[in-house]
Amino acid sequence: NLDWVHDLALNPAQHLVFGLSAQRERGNSIDTFSGESTYRASLQHQAAFLGWQGHHGALEHELALRYDEHDTFGGKATAQAALGWRLDSGRVYLSWGQGFRAPNLNELYSPGFGGLFAGNPELDPERSNSLELGFDTEIGTARFGANLYRTRIRDLVAFQGNDSFQAVNVARAAIDGIELTLDRDLDALQLGANATWQDARDADTGLDLLRRPNLKLGVSGSYRFQAGVVLSSDLNYVSERRDFSGDLHPYTLAGVRAEWSFADSWNLGARLSNAFDRDYSFARDFASPGRELIVTLRWQGQ
């Protein structure tokens with residue numbers, strides 16, 4: 001991947017963002033027993049984009065254009081636009097955008113796992129339209145946000161073909177939802193909560209899209225000590241999801257994190273994920289990580 005992004009200030013209230021993006025993928029799959037190549041392929045994808053952002057008093061605006069050129073799926077132009085209005089203690093905003101996503105090598109050619117979750121060279125690229133209405137505000141030390149979204153997708157790439165979960169195009173997919181966030185600072189203590197309700201379905205059959213939860217909830221908290229130590233924890237719930245041969249069970253995961261800035265530019269951290277070692281699955285018959293501890297040491301120069 002190679003990306004170049006340039007931000008050009010026209011004046012204190014207006015600026016342009018433009019750039020280029022290039023991606024190249026190469027893949028080769030070799031049969032374990034015969035040693036022969038199952039597939040060998042490459043993909044190239046370039047894009048150019050231009051955005052105009054600014055504000056006039058309480059009014060904020062954004063307009064963006066993008067052109068993608070894919071060596072397999074050709075060219076596609078997309079656009080995005082957004083308007084926002086600042087209030088005394090927050091803002092409201094409305095945005096609309098188009099999307100284009102070409103399937104990657106894995107989605108096109110992967111042999112899968114014993115034939116499961118295999119790619120599909122007949123896939124078409126995804127094309128989408130999204131509309132979002134949002135509101136956020138500050139009340140004292142608390143911050144609240146809410147946004148409604150509506151997305152319509154043509155040829156959604158999803159691993160839900162027949163009983164082998166092969167990658168297929170869902171001709172028309174519809175995703176509607178609402179997201180709520182709440183954060184509050186109490187001196188050294190920070191608290192947060194979020195909730196997402198989502199209806200993701202096949203617009204032709206009315207059935208839920210596979211492995212997409214209708215409800216996600218999360219709470220978090222962190223405390224900063226004077227010695228430069230920060231302790232944090234989070235709890236996240238995911239509701240049941242439709243899958244072949246029945247629903248996937250809901251699950252709740254807990255995590256704990258600690259960070260210590262013990263010297264200038266130095267930071268020591270530790271993260272314990274799935275602290276209670278819960279069993280859960282993103283797809284039927286596929287295991288997910290159990291309890292996991294990651295320790296990091298980071299240096300950042302001035």
I'd like to know if [Y] and [X] are part of one continuous hydrophobic network [Ile/Leu/Val/Met/Phe/Trp/Tyr, side-chain heavy atoms within less than 4.5 Å].
{"X": "L297", "Y": "V230", "answer": "no"}
{"X": "F286", "Y": "L210", "answer": "yes"}
{"X": "W52", "Y": "L59", "answer": "no"}
{"X": "Y93", "Y": "V17", "answer": "no"}
{"X": "L123", "Y": "L105", "answer": "yes"}

Open item on the list: Does R172 form a side-chain contact (heavy atoms from CB on, under 4.5 Å) with R154? I'd like the steps, not just the answer.
Closed with: CA-CA 5 Å; R172 295 192 310 131; R154 285 195 170 275; 3.7 Å; yes
Open item on the list: Among T196, D208, V238, which residue satisfies the side chain to side chain contact (heavy atoms under 4.5 Å, CB included) criterion with N214?
Closed with: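 By the side chain to side chain contact (heavy atoms under 4.5 Å, CB included) criterion, N214 pairs with just one of T196, D208, V238: D208.
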Does atom [atom1] ([X]) have a neighbourhood of more than 12 heavy atoms from anything else shown, all under 6.0 Å?
{"X": "R224", "atom1": "CZ", "answer": "no"}
{"X": "R184", "atom1": "CZ", "answer": "no"}
{"X": "D277", "atom1": "CG", "answer": "yes"}
{"X": "Y67", "atom1": "OH", "answer": "yes"}

So which heavy atom on [X] is nearest to which on [Y], and how close?
{"X": "Q14", "Y": "H55", "value": "NE2-O, 3.6 Å"}
{"X": "L235", "Y": "A254", "value": "CD1-CB, 3.7 Å"}
{"X": "S128", "Y": "I153", "value": "CB-CG1, 3.9 Å"}
{"X": "P250", "Y": "Y237", "value": "CB-OH, 3.8 Å"}
{"X": "Q190", "Y": "D185", "value": "CG-OD1, 3.3 Å"}
{"X": "V170", "Y": "A158", "value": "CG2-CB, 4.2 Å"}

Look up atom [atom1] in [X] and atom [atom2] in [Y], then write down how far apart they are to the nearest 0.5 Å.
{"X": "S37", "Y": "D31", "atom1": "OG", "atom2": "CG", "value": "9.5 Å"}
{"X": "E60", "Y": "W85", "atom1": "CD", "atom2": "CH2", "value": "10.5 Å"}
{"X": "Y280", "Y": "T252", "atom1": "OH", "atom2": "OG1", "value": "12.0 Å"}
{"X": "E259", "Y": "R298", "atom1": "CD", "atom2": "CZ", "value": "6.0 Å"}
{"X": "D183", "Y": "S220", "atom1": "CG", "atom2": "OG", "value": "7.0 Å"}
{"X": "Y149", "Y": "D176", "atom1": "OH", "atom2": "CG", "value": "8.5 Å"}

Is there a donor-acceptor contact under 3.5 Å from the side chain of [X] to the main chain of [Y]?
{"X": "Q80", "Y": "L63", "value": "no"}
{"X": "N169", "Y": "D124", "value": "yes"}
{"X": "S265", "Y": "Q300", "value": "yes"}
{"X": "S89", "Y": "T137", "value": "no"}
{"X": "R152", "Y": "A174", "value": "no"}
{"X": "R127", "Y": "P125", "value": "yes"}
{"X": "R211", "Y": "L209", "value": "no"}

Answer yes or no: is there a side-chain heavy-atom contact under 4.5 Å between [X] and [Y]?
{"X": "S29", "Y": "Y109", "value": "no"}
{"X": "L94", "Y": "L131", "value": "yes"}
{"X": "Q46", "Y": "L20", "value": "no"}
{"X": "W197", "Y": "L180", "value": "yes"}
{"X": "E292", "Y": "N274", "value": "no"}
{"X": "K76", "Y": "T78", "value": "yes"}
{"X": "K216", "Y": "N236", "value": "no"}

- [ ] Give the C-alpha distance, both sets of side-chain angles, the deciding distance and a yes or no for side-chain contact (heavy atoms from CB on, under 4.5 Å) between N104 and L43.
- [x] CA-CA 8 Å; N104 57 38; L43 293 175; 5.6 Å; no
Open item on the list: Is the distance from the ring center of F165 to that of F159 below 6.0 Å?
Closed with: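 No - the distance between ring centres of F165 and F159 does not fall below the 6.0 Å cut-off.
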Open item on the list: Taking the ring centre of each residue, are F73 and F100 less than 6.0 Å apart?
Closed with: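 For F73 and F100, the ring centres are not under 6.0 Å apart.
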Open item on the list: Below 30° counts as parallel, above 60° as perpendicular, anything between as tilted: where do the rings of W260 and F262 land?
Closed with: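 Because their plane-to-plane angle lies in the 30° to 60° range, the rings of W260 and F262 count as tilted.
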- [ ] Take the angle between the ring planes of H70 and H45 and call it parallel below 30°, perpendicular above 60°, tilted in between.
- [x]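 Tilted: the ring planes of H70 and H45 meet at 30° to 60°.
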Open item on the list: I'd like to know whether R24 forms a side-chain contact (heavy atoms from CB on, under 4.5 Å) with S42, so could you lay out the CA-CA distance, the side-chain angles of the two residues, the decisive distance to 0.1 Å, and finally the verdict.
Closed with: CA-CA 7 Å; R24 178 177 173 84; S42 64; 4.3 Å; yes
Task: Step-by-step side chain to side chain donor-acceptor pair (under 3.5 Å) determination, D71 to Q44 - done: CA-CA 6 Å; D71 63 355; Q44 294 189 68; 4.6 Å; no
Task: Evaluation steps, side-chain contact (heavy atoms from CB on, under 4.5 Å), between L268 and V295 - done: CA-CA 8 Å; L268 179 64; V295 179; 4.3 Å; yes
Open item on the list: Distance alone, cut at 3.5 Å: any donor-acceptor contact between the side chains of D3 and N1?
Closed with: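 No - no donor-acceptor pair under 3.5 Å links their side chains.
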- [ ] Please determine, by modelled atom types, if N194 and T181 share a side-chain donor-acceptor pair under 3.5 angstrom.
- [x]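 Looking only at side-chain atoms, T181 and N194 do not form any donor-acceptor pair under 3.5 Å.
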- [ ] Using the salt bridge (charged side-chain N to carboxylate O under 4.0 Å, His left out) rule, take R241 and D243 through it: C-alpha gap first, then chi angles, then the decisive distance, then the call.
- [x] CA-CA 6 Å; R241 292 86 64 214; D243 206 344; over 6 Å; no
